[in-house]
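The structure appears right after this line, and notes come after that.
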Amino acid sequence: MNKLTKARVLCWGFLSSLALVACSNESATSVSDGTTEERNGFWNESYNLTAWNVMDGSEIKLENNKMALVGRVSLKKASANGLARAGIAYDVSNPDGSPADLSQDGDGICIAYKSDFDVEIRLDTADYASSSVDKDVPFVSLNMKDSGNESRCASWEDFKMKKSAKTDGSDIVKKVRSVQLVFVGESGASGEFTIQRLTPYVRWEMWWSKRDGDHVNTGFDEGDEGTSGKWSLFGDSTKAYIEFSYGEFEPTDGGYEGNVFFDESSSNPDVGLQFLVAGKSTKNGKEVIHSADVSEKWKGICIEYESMMDIEMQLVPENADENNFLKLTFAKNEDENDMTLSSYDDSKRASHMETRCYQFADVSNSDNILKKLTTIRLKFVKENNSGTEFTIKRLSYLMPENLAVKDVGEYKDVKATESSDYKSGKSFLWDGAADGDQVDLGISGATAGGVWTNTFELEDVFNYNFPDDVKYDADGNAIPSLVSKYHEFTMYVKTDEGTIDLDSIASIGFNTVSSNMEPADISAWGGFCIHYSTYNYIRIVIVTNYDANKYWYADVDYSDDKVWGKVSWDAFRNIDEESNEKIEDVLGKVARVQLQFLTDGENIIDKFGSYDQCGK
């Protein structure tokens, strides 16, 4: 097995079949390799001691442990800032020595660990043999911690270099040769570490304060309208209560922000925020709280927050007392002594906002609770001599990537009422990492179709703002340069909103047959799948007559992390609202397919295909 195959099978060599985030048995990146015992041997000798290498100048002894990567570290030489470092590295480069694109396997990285030292996760693009603990490469820093159950997660954008604020991991992750774990502490110190799990992840947002207001999108709704996911307060207000920064119990763009006031005589009273997962029903004066089985979809849970108190997340199953709640502690990450300004002046105070996650595979007895979950509570834990300010900004769950799909429209099989002689095959998938600017559409005889191009940029109407090192050819097309460097469409579009003219919209697309725009019958595709992230929305367009501005469209909406958008023919609408045409009347004569960018903001697309290709 070569190194690249091994990295894909084991999700960079870190994972077993126990890993849940982007390596479920259903995931396209998961491949059966060896016996069940071998695959569950997570950090066995072949993948522990041989796959990880101690970096030059480091004194680390690795120990064989089938359930974790274990080692003992001795820190000797201090750097200029007075701290010493030692590390281990895993070679993820391709067999020919070229770098690997880790962004294809997830939106970031999660780690569950115990360490006597602070830990840096680092990405290096240089030759593996030249790895150095003193080199300035993109990294995220994690404080030492006692428990190995709580995962810390970071997106690729969170990786920063010490000496350059302009470089982050969103670019570096596409050309990585080694992933490193570096232990940081005082010179002369020694200690141990245990890495229990290191995984890529897909984070599916349930609630973002800026977008969702006072409702969490749980994905489950069995009760009366508006009862699923609605935030509320809980607790005895005589023992503790919350005073919100802006006076009322409602989120701002920055989240729920406030201060908890505890009665001095109460030891640790209930006080916090909560919501019902599936909602409640009231009939004949009787209230019924519904439960939901979230176990197949929720593989972990994350909070983006800052707090001077521990936050205890309580997952409450049906018909359970407090002894049977699942309780997950999100540790305080802000110290009262660090505060020099009140929370009312957020523009000047230092931010301690971070995302922390639990993977349910690491939490005993979680599955039974997840099968009958009714309520999620965020309880603020009282501590002596501590501050009580908090901000809750975002709530997400972790899931296998192939399940992270936003459905647009309900699937229906559509037969074209009239059909071109050019007919598509049933399935296609364009992958920016493998296919460059060419899409194999499976249309016999259409040898010049399927080439991605961008519309000509109009300075007074729209700008693509591709990365600075992308070059335009003589026809104003930047796509060959863009995908060769970045393996995806990535841009920050500036545009005048409101136009519907195909010549005046920022778009990237391909002709189905040739540059002459002959039509093809694409009905067999069933719709489209797109793997994307966007600040606002991306429009998918099927063009029947470019010169006459005749087209149909469907939108995939906001996602901060990359997800799949699954768009059926049922979702498409005619730009001409007065037309009597039906979708059946146009699918047999499609000349061009476009991705349109109609609002200001960042857009990223790295896969695009037919309806049945999500997760591939």
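Positions are given from 1 along the sequence.
- In this structure, R177 contributes its side chain and T125 its backbone to a donor-acceptor pair below 3.5 Å.
- Relative ring orientation between F183 and F193 is described as parallel, the plane-to-plane angle staying below 30° on a 0-90° scale split at 30° and 60°.
- Checked against a 6.0 Å centroid threshold, the rings of F510 and W430 do not count as neighbours.
- Using a 4.5 Å heavy-atom threshold, the side chains of Y113 and L181 count as separate.
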Next item on the list: Under the side chain to side chain contact (heavy atoms under 4.5 Å, CB included) rule, what do F608 and L595 come out as? Steps first, then yes or no, please.
Entry: CA-CA 10 Å; F608 184 75; L595 305 176; 3.7 Å; yes
Margin query: Determine whether S427 and D612 satisfy the following criterion, side-chain hydrogen bond (donor to acceptor under 3.5 Å, both in side chains), listing intermediate values before the conclusion.
Written below: CA-CA 7 Å; S427 297; D612 61 348; 2.6 Å; yes
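- Paired with W298 under the rule ring pair (Phe, Tyr, Trp, His ring centres under 6.0 Å), one option of Y397, W204, F360 passes, and it is Y397.
- Without hydrogens or angle criteria, N477 side chain to I479 main chain gives a donor-acceptor distance under 3.5 Å.
- Residues A478 and N454 come closest through the heavy atom pair N-OD1, 2.7 Å.
- Using the six-membered ring where Trp is involved, F489 and W452 have ring planes that are perpendicular, over 60° apart on the 30 and 60° scheme.
- With a 4.5 Å cut-off on side-chain heavy atoms, K562 and E488 count as touching.
- Under a cut-off of 6.0 angstrom, the local environment of CG in D473 is crowded, with over 12 non-hydrogen atoms contributed by other residues, nucleotides or ligands.
- The aromatic rings of F428 and W525 sit tilted, their planes meeting at an angle between 30° and 60°.
- Considering CG of L482 and NE2 of H487, their distance stands at 10.5 Å, rounded to 0.5 Å.
- Ring centroid separation for the pair Y464 and F462 comes in under the 6.0 Å cut-off.
- V483 approaches G436 most closely through the heavy-atom pair CG2-C, 3.6 Å.
- Note that the NZ atom of K299 and the CG atom of L398 stand 11.0 Å from one another [nearest 0.5 Å].
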Check: Between L83 and E186, does a side chain to side chain contact (heavy atoms under 4.5 Å, CB included) hold up when you go through it step by step?
Finding: CA-CA 5 Å; L83 295 175; E186 298 294 334; 3.8 Å; yes
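- With values rounded to the nearest 0.5 angstrom, C614 atom SG is found 9.5 Å from L429 atom CG.
- In this structure, V493 and N603 have side chains that are in contact, with non-hydrogen atoms separated by less than 4.5 Å.
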Next item on the list: Would you check, one step at a time, whether the test side chain to side chain contact (heavy atoms under 4.5 Å, CB included) holds for I172 with W156?
Entry: CA-CA 9 Å; I172 301 299; W156 300 126; over 6 Å; no
Next item on the list: Give the intermediate values and the outcome of side chain to side chain contact (heavy atoms under 4.5 Å, CB included) for residues V451 and V439.
Entry: CA-CA 6 Å; V451 179; V439 184; over 6 Å; no
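- For Y358 and F330, the gap between ring centers is short of 6.0 Å.
- Between L75 and F117 there is a side-chain heavy-atom pair separated by less than 4.5 Å.
- Proximity of T495 to L598: side-chain heavy atoms (C-beta onward) are nowhere separated by under 4.5 Å.
- Of the possible polar contacts, none joining the S507 side chain to the Q594 backbone as a donor-acceptor pair under 3.5 Å is found.
- At least one donor-acceptor pair closer than 3.5 Å links the side chain of K406 to the backbone N or O of Y558.
- Surrounding OH of Y535 are at most 12 heavy atoms belonging to other residues, nucleotides or ligands under 6.0 Å away.
- For S141, the side chain to side chain contact (heavy atoms under 4.5 Å, CB included) partners two or more places apart in sequence, or in a different chain, are E120, F139.
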Check: For R539 and Q596, what are the C-alpha separation, side-chain angles and deciding distance, and is it a side-chain hydrogen bond (donor to acceptor under 3.5 Å, both in side chains)?
Finding: CA-CA 5 Å; R539 176 159 290 178; Q596 293 184 349; 4.8 Å; no
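- In terms of the salt bridge (Lys or Arg N to Asp or Glu O under 4.0 Å) criterion, residue partners of E304 (sequence neighbours excluded) are, by chain and number, R394.
- In this structure, E354 contributes its side chain and E306 its backbone to no donor-acceptor pair below 3.5 Å.
- The side-chain contact (heavy atoms from CB on, under 4.5 Å) test with V556 singles out one residue from D407, T534, V408, and that residue is V408.
- Counting heavy atoms from C-beta on, the side chains of D431 and H531 never come closer than 4.5 Å.
- Applying the salt bridge (Lys or Arg N to Asp or Glu O under 4.0 Å) rule to K494 yields the partners D600; only residues at least two apart in sequence or on another chain are considered.
- Note that NZ of K175 and CG of D101 are 11.0 Å apart. Values are rounded to the nearest 0.5 Å.
- Taking both residues in full, the closest heavy atoms of M161 and V137 are given as CG-C, 3.9 Å, listed atom of the first, atom of the second, then distance.
- Side-chain atoms of S93 and D91 include a donor-acceptor pair closer than 3.5 Å.
- Residues F597 and N536 have side chains not in contact (no heavy-atom distance under 4.5 Å, counting atoms from C-beta outward).
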